[in-house]
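Taking it in order: structure first as structure tokens, then the write-up.
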Amino acid sequence: MTCLLGVLAALLLPVGAAQAAPAAEDCVAVTEGRYAGTFTTAGKTHCLELPSPQGARIAALTSRGGAGLTVEVEVVDRNGTAQCTAGDLVRGECALTGTAPFRALVHADDTEATGPYGVHFVRTDVLQKECGTLPAGTFADDSGTVRLETGNGVFSHCLTIPADAHSTSELLRIRYSRPEDADLFPDYAITMIDTDGDGPSCYSHPTPGQQLRTDGLTSCSFTAGKAYTVLLEGQDVPRGHILDRRDVTAAARGCATSAATTVGAPAQTGTSGQSGALRCHRVTTAAATDRLHVDVRDAHDSTNMLIMDNAGGIACHPRTWACTPTGSTGYQVVTQAPENWSLPASYRLDAWRIATAAGPAADCKRVESVAYGYGPLTGTLSEERTGVCAVLPSVSGDRFRADITATDGGTDIPEPLLYTKAGTNLCTGRPSSYECQGSDQGLFVLALPDRTERTAYRAELVCTTAPCGSEQVTIGTITPTTVQSGTVATLTLQGTALGMSTTVQLTGGPAPLTAKTVSVSDDARTLKATVDLRTAPAGHWNISVSALNHQYAAGTLTVTPPPVSGLGTYKPVTPARLMDTRSGLGVPKAKVGQGGTVTLQVAGASGIPASGVTAVVLNVTATDPTTAGHVSVYPDGTPRSSASNLNFTAGQTIPNLVVVPVVNGKVGFYNNAGSVDLIADVAGYYTTDGSGSTYKPVTPARLMDTRSGLGVPKAKVGQGGTVTLQVAGAPGIPASGVTAVVLNVTATDPTTDSYVSVYPDGTTRTSASNLNFTAGQTIPNLVVVPVVNGKVSFYNNAGSVDLIADVAGYFTK
């Protein structure tokens with residue numbers, strides 16, 4: 001069969017019933033080539049006697065519209081026996097098997113019409129000299145193109161492809177031009193046929209969303225040693241048709257060549273050129289059993305790729321998303337930004353080897369368990385690190401939700417891919433909601449998306465059908481078996497399919513205790529949980545484990561009496577911001593919702609040691625609450641009491657100084673209603689190692705008042721202004737040995753919304769704040785601030801404000 005390509009499918013008309021053979025004197029003898037005739041009377045049929053001998057094969061091409069009449073052609077032999085259909089004629093498959101001479105019978109589609117018409121006769125069983133050659137081009141340039149014009153009586157063309165001038169697999173590009181004001185809808189067909197009457201096997205690659213293909217690609221498989229005739233049947237109107245062909249086998253010319261890389265390696269870069277321009281990259285790999293991940297990325301997600309294997313077979317049809325070919329040691333990746341798409345200046349080509357015959361790529365992390373999912377992962381993808389991968393022990397039937405966010409404030413997030421062994425991606429959805437199915441040993445990939453060259457991310461696969469993978473929940477031993485009352489104990493649970501939602505409970509005392517799960521090993525076989533025993537009585541407690549709505553008995557825990565502990569001493573630090581939910585500092589970037597809790601790591605942060613900390617002093621600020629509520633700050637891993645530290649109304653910004661015990665190096669923040677942003681600035685900490693300072697209370701006394709000039713000049717503190725107060729040697733405070741001072745600081749009569757920071761004299765001021773206020777508001781807050789040079793400083797951010805400071809006590813060695 002021939003290969004037929006066209007904007008619209010050809011209308012294949014059946015031959016009418018055989019009619020009596022016309023007398024020779026009623027026929028006009030014609031030659032091969034174009035014939036022009038005219039119907040002077042409506043309803044007539046013209047007889048054209050053909051020069052073609054018996055056994056020949058011919059095409060009869062007619063105009064598909066435009067100037068002249070649209071006609072139908074059938075061929076009969078001298079006896080009137082039908083030889084072929086109209087479809088055979090347009091495809092060049094009309095085999096003349098009857099008795100010569102053969103005659104073409106022509107009549108107008110419209111039986112009432114008169115006027116000129118044309119028929120183009122071409123022999124296809126032998127190459128015709130009148131048909132020009134369609135040369136082979138390369139991907140390095142635009143060579144080998146042939147432009148065919150129609151109009152002014154011309155509606156068809158023929159070309160030849162010599163037997164020794166083509167490969168076994170080629171890519172044809174067909175560009176079509178037409179006037180912008182053309183009223184006639186374009187219609188053309190291109191046919192290829194070899195001298196034996198067979199056409200190549202062709203696949204015309206569709207262009208999404210285009211009714212009229214003005215720039216099309218077609219892949220064809222040719223037979224070696226066969227010559228081909230190319231037939232163009234178009235319209236008798238001014239049109240341009242540009243044809244070119246390129247080898248797409250391993251011998252393709254003009255392809256940049258590079259080897260497949262490891263997952264995430266830097267991409268190859270290509271220049272897009274003009275709209276529709278073809279580029280070629282040849283990617284090689286070590287073995288035909290290798291599986292690749294090939295993707296083309298650009299700033300507009302506009303570059304299509306078509307992938308052919310070594311033999312020129314189609315490995316991936318045109319697409320703008322990743323493809324996973326296998327079965328060849330090399331691939332020709334043909335790229336193109338189709339017409340009318342946004343044209344990128346350049347593009348990047350990822351070609352990763354994601355698997356070999358031995359299994360997923362060795363550079364991909366082997367995950368021990370996906371009982372509850374995988375992750376979270378955090379990192380940055382860029383053109384230096386374009387992707388990350390992991391091998392998951394998933395099984396068929398697993399279901400995962402892919403939670404992926406950009407942690408740098410961007411809008412482009414990595415694309416999740418969960419490949420089966422056959423290279424099928426089982427993740428579907430959009431950036432806001434990806435769902436992934438499991439398969440036996442899935443390969444999870446996060447890839448840098450189109451439109452961006454860098455994205456910071458947080459990604460997690462959450463198993464929605466837990467437990468995922470092949471393991472079920474089992475509960476083994478819990479250690480230690482003996483702990484001391486008055487402590488926060490860490491329990492270690494061994495088992496399988498353990499998760500962060502697995503809980504350890506103690507019963508048998510005055511009230512049950514629930515341990516807080518703090519970590520689970522990668523293989524989901526070791527869980528660590530902390531339990532607060534500071535008020536737990538000594539005795540034997542029963543241990544149970546809750547996992548996936550099932551309870552498991554896990555032995556007993558002996559709690560011994562607590563030791564006698566010493567008193568803590570205070571160590572001031574330079575005020576510093578530890579937490580800000582508005583920016584994601586210290587905790588995730590998000591308001592704390594109703595009933596929500598965030599946990600802040602304080603041990604090891606901003607001057608606080610990693611261990612030995614018993615309590616921390618924080619200035620906590622609530623801002624932009626959606627409703628009235630309160631916040632409680634409490635030790636991590638302990639039951640939260642009803643005590644509150646901050647009470648606020650909707651829209652209010654208000655701070656308060658908080659002294660809170662530290663457990664597990666952390667403190668927790670709970671919001672009871674609405675949602676609110678929280679800020680925490682550290683002022684100091686307590687320790688039991690004896691290295692800190694002790695607190696000395698004094699009779700409260702006023703040390704500073706800018707309204708009267710007490711302690712500092714008489715004047716409001718202006719925008720960006722600072723005043724410095726001498727505290728050492730002030731009433732009740734010694735002149736030396738003071739490490740920190742406790743002040744009740746009041747802002748009054750501010751001219752605009754602002755904040756005040758109190759910090760050690762002579763040090764660099766940080767972003768920490770102590771008072772936040774609105775215009776006209778009077779508001780106090782307790783401040784503990786280190787003393788340097790015997791002084792402390794007060795900074796106002798905006799407008800002007802009067803400041804008052806009353807001393808409550810001090811710390812000294």
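Given the structure is predicted, the values throughout are model-derived calculations rather than measurements. Excluded from the calculations below are hydrogen atoms, water molecules and symmetry mates; all remaining heavy atoms, backbone and side chain alike, are included.
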Could you report the tightest heavy-atom contact between [X] and [Y], atom names first, then the distance?
X	Y	answer
Ala554	Ile478	CB-CD1, 3.8 Å
Cys364	Val263	SG-CG2, 4.1 Å
Leu418	Gly438	CD2-CA, 4.4 Å
Arg765	Ser757	CD-CB, 4.2 Å
Tyr374	Leu377	OH-CD2, 3.5 Å
Trp352	Thr262	CD1-O, 3.4 Å

Backbone N or O of [Y] within a donor-acceptor pair of the [X] side chain at under 3.5 Å?
X	Y	answer
Asp398	Gly469	yes
Asn542	Gly508	no
Thr766	Ala768	yes
Thr481	Leu557	no
Thr514	Gln505	no
Thr687	Gly612	yes
Asn772	Thr653	no
Ser769	Val756	no
Thr492	Lys528	no
Thr517	Thr502	yes

side-chain hydrogen bond (donor to acceptor under 3.5 Å, both in side chains), paired with [X], selected from [options]:
X	options	result
Asp636	Thr597, Asn664, Thr530	Asn664
Gln494	Thr477, Thr479, Thr526	Thr526
Lys591	Asp624, Thr623, Thr581, Asp677	Asp624

Side chains of [X] and [Y] in contact at under 4.5 Å (non-hydrogen atoms):
X	Y	result
Tyr419	Ser439	no
Val698	Tyr810	yes
Leu443	Pro360	yes
Thr649	Pro625	no
Thr507	Pro512	yes
Ile779	Leu771	yes
Val602	Val662	yes
Val462	Asp403	yes

Between atom [atom1] of [X] and atom [atom2] of [Y], what is the distance when rounded to the nearest 0.5 Å?
X	Y	atom1	atom2	value
Glu435	Phe400	CD	CZ	11.5 Å
Tyr457	Thr380	OH	OG1	7.5 Å
Asn672	Gln594	CG	CD	7.5 Å
Thr407	Arg458	OG1	CZ	10.0 Å
Cys463	Tyr372	SG	OH	9.0 Å
His630	Phe648	NE2	CZ	8.0 Å

Sidechain N-carboxylate O distance under 4.0 Å for Arg366, Glu368
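Between Glu368 and Arg366 there is no salt bridge, as every charged N stays at least 4.0 Å from the carboxylate O atoms.
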
Please work out which of the three classes, parallel, tilted or perpendicular, describes the rings of Tyr686 and Tyr570, given edges at 30° and 60°.
tilted

Name the orientation class of the two ring planes belonging to Phe811 and Tyr695 (parallel below 30°, tilted from 30 to 60°, perpendicular beyond 60°).
tilted

Verify side-chain contact (heavy atoms from CB on, under 4.5 Å) between Gln441 and Lys421, making sure each step is shown before the conclusion.
CA-CA 7 Å; Gln441 193 183 66; Lys421 292 179 180 178; 3.9 Å; yes

Do Arg525 and Glu471 pass the salt bridge (charged side-chain N to carboxylate O under 4.0 Å, His left out) test, and can you show the C-alpha distance, the side-chain angles, and the key distance before you say yes or no?
CA-CA 10 Å; Arg525 297 190 174 195; Glu471 289 187 331; 2.5 Å; yes

For the residue pair [Y] / [X], report whether a side-chain donor-acceptor contact shorter than 3.5 Å exists.
X	Y	answer
Ser546	Gln551	yes
Thr496	Thr474	yes
Arg577	Ser606	no
His540	Thr558	yes

Name of the residue among Leu618, Asp681, Val667 meeting side chain to side chain contact (heavy atoms under 4.5 Å, CB included) with Leu578
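So, applying the side chain to side chain contact (heavy atoms under 4.5 Å, CB included) to Leu578 and each of Leu618, Asp681, Val667, only Leu618 qualifies.
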
For side-chain contact (heavy atoms from CB on, under 4.5 Å), just list the numbers for Val587 and Thr599, CA-CA rounded to whole Å, side-chain angles, deciding distance to a tenth of an Å, and then say yes or no.
CA-CA 7 Å; Val587 295; Thr599 301; over 6 Å; no

Start with the C-alpha gap between Lys365 and Asp522, add the side-chain angles, then the distance that decides, and say whether side-chain contact (heavy atoms from CB on, under 4.5 Å) holds.
CA-CA 11 Å; Lys365 177 183 177 182; Asp522 287 344; 4.0 Å; yes

Check step by step if side-chain contact (heavy atoms from CB on, under 4.5 Å) holds for Leu782 and Asn656.
CA-CA 7 Å; Leu782 194 66; Asn656 197 22; 5.6 Å; no

